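Step one of this worksheet: look at the structure below.
Positions are given from 1 along the sequence. Just so we're clear, the structure is a prediction, and the values are computed from it rather than from any experiment.
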Amino acid sequence: MADLATLQTRLSEAEEAYHRLLTGGGVVEISSVDGSRVRYSERQAKDLQFYIDWLRTEISATKPQSIGRRPIRFIF
């Protein structure tokens, strides 16, 4: 797995590419996590969105999980 900074950079690039794609950019090219270049066309917008979601999941997995408070429940 790539480090957090690399994942965040890839996410930023992917989001920018997705924006360009949806606003008529035609074909966009980004770097994947393994360093290879990947091209996406308008038909593959869902694939790019899947990659963005995957990056977000990987980023959230690198952050420590805090234990949140539970709701208070009254038992009568």
Practice task
Please answer: with hydrophobic residues joined when any side-chain heavy atoms are less than 4.5 Å apart, are I30 and V27 in the same cluster?
Solution key: no

Problem - Shortest non-hydrogen separation from Y18 to I52 and the atoms involved - result: CB-CD1, 3.7 Å

Practice task
Return the set of residues passing salt bridge (charged side-chain N to carboxylate O under 4.0 Å, His left out) with E15 (not counting sequence neighbours), or none when no residue passes.
Solution key: R56

Completion exercise
What one should report as the nearest heavy-atom pair of D34 and S36 is OD1-OG, 2.8 Å

Let me have the donor-acceptor pairs involving side chains of residues 4-14, under 3.5 Å, with sequence neighbours excluded, atom names and distances please.
unit_1, atom_1, unit_2, atom_2, d
T6, OG1, D3, OD1, 2.4
T9, OG1, A5, O, 2.9
R10, NE, S32, O, 3.1

Result block: side-chain N/O donor-acceptor pairs under 3.5 angstrom for residues 43-50, not counting sequence neighbours:
unit_1, atom_1, unit_2, atom_2, d
Q44, OE1, S41, N, 2.9
Q49, NE2, D53, OD1, 3.0

Fill in the blank from the handout: Nearest heavy-atom contact between I59 and T62 is O-OG1, 2.6 Å

Handout entry: CZ/R39: more than 12 non-hydrogen atoms of other groups inside 6.0 Å
Key = no

Practice task
Kindly indicate whether the side chain of Y51, heavy atoms from C-beta on, has any atom under 4.5 Å from the side chain of V38.
Solution key: no

